[in-house]
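Notes follow once the structure below has been shown.
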Amino acid sequence: VQLQASGGGLVQAGGSLRLSCAASGRTFSRYAMGWFRQAPGKEREFVAAVSWSGDSTNYADSVKGRFTISRDNAKITVYLQMNSLEPEDTAVYYCVARDGLAASRSGYHYWGQGTQVTVSS
């Protein structure tokens with residue numbers, strides 16, 4: 001599975017961005033998908049995940065209520081809608097995929113190249 005993330009950029013605090021991740025390769029619908037992020041000087045952390053069907057989602061506490069993950073299997077794309085952005089959300093965001101159906105917080109072995117999100121105060 002190859003993953004290509006896009007949609008990052010510079011936004012003011014309180015603003016919104018939508019990240020997209022286009023997948024190619026093997027059968028997209030059989031993979032759970034997600035997003036991780038890594039801020040400067042910090043470890044990579046889980047952000048959100050969506051099940052293969054799109055019916056189940058999982059979020060880190062820090063983004064719950066502000067971010068929404070979704071997927072469109074027809075377009076072979078997963079999205080991360082980010083609202084009410086905070087400077088603490090500044091990071092490189094990575095699209096990920098894993099064999100399996102559930103929206104898990106770990107076990108992802110396919111990673112995209114990352115897209116930078118910068119939130120100014």
Please name the pair of heavy atoms, one in [X] and one in [Y], separated by the smallest distance, quoted to 0.1 Å.
{"X": "S121", "Y": "P87", "result": "CB-CG, 3.8 Å"}
{"X": "R66", "Y": "L85", "result": "NH1-CA, 3.9 Å"}
{"X": "T90", "Y": "V119", "result": "OG1-N, 2.9 Å"}
{"X": "C95", "Y": "V78", "result": "SG-CG1, 3.8 Å"}
{"X": "L3", "Y": "A97", "result": "CD1-N, 3.8 Å"}
{"X": "A102", "Y": "A32", "result": "O-CB, 3.0 Å"}

Roughly how far, to the nearest 0.5 Å, is [atom2] of [Y] from [atom1] of [X]?
{"X": "I69", "Y": "Q81", "atom1": "CD1", "atom2": "CD", "result": "12.0 Å"}
{"X": "T57", "Y": "F67", "atom1": "OG1", "atom2": "CZ", "result": "14.0 Å"}
{"X": "M33", "Y": "L80", "atom1": "CE", "atom2": "CG", "result": "11.5 Å"}

Salt bridge (charged side-chain N to carboxylate O under 4.0 Å, His left out) pairs touching residues 43-54, sequence neighbours excluded, are R37-E45

Can you run down the salt bridge (charged side-chain N to carboxylate O under 4.0 Å, His left out) pairs that involve residues 49-62, sequence neighbours left out, and say none if there aren't any? D61-K64

Between I76 and Y79, is there a shared hydrophobic cluster once you connect ILVMFWY residues whose side-chain heavy atoms come closer than 4.5 Å? no

Just to verify, what does S104 make a side-chain hydrogen bond (donor to acceptor under 3.5 Å, both in side chains) with, not counting sequence neighbours? R98

Only counting residues at least two apart or in another chain, list the ones meeting side-chain hydrogen bond (donor to acceptor under 3.5 Å, both in side chains) with E88. none

According to the side chain to side chain donor-acceptor pair (under 3.5 Å) rule, which pairs have a member within residues 6-20, sequence neighbours left out? S16-N83

Side chains of M82 and D89 in contact at under 4.5 Å (non-hydrogen atoms): no

With ILVMFWY side chains joined below 4.5 Å, transitively, what does V96's cluster contain besides itself? F36, F46, V92, Y94, Y108, W111

